[in-house]
Amino acid sequence: MKYRSTRGASTQAKTAAEAVVQGLAEDGGLYIPVDFPQPNLSLDQLVGISLQQASTMVLSWFMDDLSDKQRQDSIKQAYGSQWDDSRITPLTDWVGGNYYLELFHGPTLAFKDVALQLLPQLMTKSAQTIGLDRQIVILTATSGDTGGASMDGFSDVAGTQVVVFYPHHGVSPVQLHQMRSVPGDNLTPVAIDGNFDDAQRNVKQLFNDQSLEEELAAHQLQFSSANSMNIGRLIPQIAYYFYAYGQLLARHEIAVGDGVNFTVPTGNFGDILAGYYAKKLGLPVQRLICASDQNKVLTDFFHSGKYDRQRQFFVTNSPSMDILVSSNLERLLFDAAGGDKQRVASLMTQLQNDGHYHVNADEKAFLDRHFAAGFADQQMVRDEIHRAYAEDHYLMDPHTAVASVVARRYQQESGDQTPMVIVSTASPFKFPETVYQSLTGQAVDQPGLPAIRQLQEFLDVELPQGVAALFDRQDRPQRVTGPAEMGSTLRDILHLN
């Protein structure tokens, strides 16, 4: 397998190991396969497949420069006792008309763990494969979940340092505690006085700063990324779409070849793009429903064909989705544009310079074949958490509630009766303030860890292991910087000054 930039020529292709270690392409684009895998897959092979088996299959298609043993060892380390469910990503029974694919049973209680427990293994083995003799600096922007998950995954991994920038007042109290308390001498979280888009934009600029790259090289350092801009973060997420389909087959909920819809709570577009890639690989995904919160830039884009980041930014009760520039959409645009790298580069330049772009009629028709979209505001989220618990006896977090609202509305308005899997991306205990208020109509007495205890007492349940572990960890001091000072802050952390 070879990988090219969405904005560059295929003659500049990298191996999978090179693409994973580098993270972001030199021209600012994102790595995609030069030739997308076309596996000879018989769908009946998926019956009852485990997440580990699905991961083994997917990695063999996308990362064939790693040996079978390297891939197997990586999967074994990633999906072990750190998960509170041996199925890793269990699919619920039929609940209120739909199924929920629970991706939050890992150590940081969110879907990012599925990839970020595996990525450190893939990255260190990729570095060995290409003979890299530099320390890898994982530089990442987060809207909340990626920060804690990447720090947990890379904690004390030899040959790595992790620097995470996050919005100072844009993450939940539990997300903040996770980032500030993950043990590891190689981890540095930094708050910025801005939102996620400010953090992500400046991280991209740091990646493309030639003088900084030279400084890093002089100190035997090299950047890589742990967010979904890195193809190594995206590939592991494809596996749970195959896993979910295999579970539906094993339960005789569907027959081989039947279509399935997935509704995905969406911010940076990585999770839903993994579903689209699963469809390209032959999985019978009929529709992917993109669910946004009040920052509904993606909903408007899929409805109108215009992407416009010039709008009010809302800090909502689903903070991981509070994003106005969805990076992974660039990979989808590459397909929508028929692989025209100049077209993709032009659209990204328009977004950067003008704050918006329009797709053409052919590109819009392509998007309409695969995607639908909707959004839910904060009151809808609270109402859905309450409804699902009262009517369906199912407890969900705010991000899953966004998806549940959008899925139900899509089904009502379209009449589409295709089986629906709602991707459940975080534990309710990660956002106890919103969940408790939604269930009781009362605010918690105190946010963060006390709110978890208050929610636990109300529900009268035992805390999952990843939640219980939060009470035993101490926060490191908080470091805050401005968006314009991120470069100098990074140089201080890496001792480049």
Side-chain angles (χ1 to χ4, degrees), residues 82 84 104 106-110 112-113 116-117 120 137-157 160-196 198-199 203 226-227 315 317-320 322 397-399 426-436 443-457 463-483 485-486 489-490 492-495:
Q82 68 270 48
D84 65 28
F104 53 77
T108 72
L109 318 174
K112 308 293 178 74
D113 287 326
L116 283 169
Q117 288 297 303
V137 177
I138 306 296
L139 177 63
T140 291
T142 183
S143 56
D145 286 336
T146 290
S150 60
M151 292 169 71
D152 188 278
F154 281 94
S155 175
D156 288 328
V157 171
T160 67
Q161 291 191 58
V162 182
V163 181
V164 173
F165 289 100
Y166 62 93
H168 191 194
H169 301 293
V171 300
S172 79
V174 174
Q175 287 174 321
L176 180 60
H177 175 59
Q178 285 180 319
M179 285 189 284
R180 293 179 59 191
S181 67
V182 175
D185 294 334
N186 61 333
L187 311 176
T188 309
V190 183
I192 70 158
D193 287 320
N195 58 39
F196 169 76
D198 297 322
V203 162
N227 72 11
V315 177
N317 53 18
S318 50
S320 298
D322 291 345
D397 88 294
H399 304 79
S427 166
F429 287 105
K430 196 162 189 176
F431 303 93
E433 300 84 5
T434 298
V435 174
Y436 184 85
V444 296
D445 297 333
Q446 189 177 343
L449 297 184
I452 292 178
R453 288 295 191 203
Q454 194 169 355
L455 178 60
Q456 179 196 15
E457 291 172 5
L463 291 178
Q465 66 181 34
V467 181
L470 294 173
F471 290 85
D472 300 324
R473 300 193 331 213
Q474 297 297 313
D475 285 349
R476 51 171 63 83
Q478 189 168 35
R479 186 167 188 162
V480 184
T481 192
E485 288 72 51
M486 285 170 57
T489 300
L490 179 67
D492 287 341
I493 294 168
L494 299 179
H495 306 293

Check your understanding: Does atom CG of Asp185 have more than 12 heavy-atom neighbours from other groups under 6.0 Å away?
Key -> no

Check your understanding: Without hydrogens or angle criteria, can the side chains of Thr146 and Asn227 be said to hold a donor-acceptor pair below 3.5 Å?
Key -> no

Check your understanding: Of the non-hydrogen atoms in Phe165 and Ala199, which two are nearest, and what is the gap between them?
Key -> O-CB, 4.2 Å

Review point. Which atom pair, heavy atoms only, marks the closest approach of Val182 to Ser155?
Key: CG1-CB, 4.4 Å

Check your understanding: Just by distance, do the side chain of Thr160 and the backbone of Val157 share a donor-acceptor pair under 3.5 Å?
Key -> yes

Check your understanding: Is there a donor in the side chain of Ser320 and an acceptor in the side chain of Asp145, or the other way round, less than 3.5 Å apart?
Key -> yes

Practice item. Would you confirm whether His177, through its side chain, and Leu470, through its main-chain N or O, come within 3.5 Å as a donor-acceptor pair? Key: yes

Review point. Sub-3.5 Å donor-acceptor pair from the side chain of Asp322 to the main-chain atoms of Val315, do we have one?
Key: no

Practice item. Could you grab the distance from atom CD of Gln454 to atom CD of Gln446, nearest 0.5 Å is fine? Key: 9.5 Å

Exercise for review: Give a yes or no on whether the backbone of Gly106 and the side-chain of Gln117 come within a donor-acceptor separation of less than 3.5 Å.
Suggested key: no

Check your understanding: Between Gln175 and Thr142, is any side-chain donor less than 3.5 angstrom from a side-chain acceptor?
Key -> no

Exercise for review: For Arg476 and Met179, indicate whether the former's side chain and the latter's backbone hold a donor-acceptor pair under 3.5 Å.
Suggested key: yes

Practice item. Decide yes or no for Val164 and Ser150: does some side-chain heavy atom of the first lie under 4.5 Å from some side-chain heavy atom of the second? Key: yes

Review point. Where is the tightest heavy-atom contact between Gly170 and Pro319, given as atom of each residue plus distance?
Key: O-CB, 3.5 Å

Review point. Sub-3.5 Å donor-acceptor pair from the side chain of Asp84 to the main-chain atoms of Gly466, do we have one?
Key: no

**Study point:** Test side-chain contact (heavy atoms from CB on, under 4.5 Å) applied to Phe429 and Ile452, Asp397, Val174, Val435, the passing residue
**Key:** Ile452

Exercise for review: Provide the closest heavy-atom pair for Pro432 versus Gly448 in the form atom of the first, atom of the second, distance.
Suggested key: CG-O, 4.0 Å

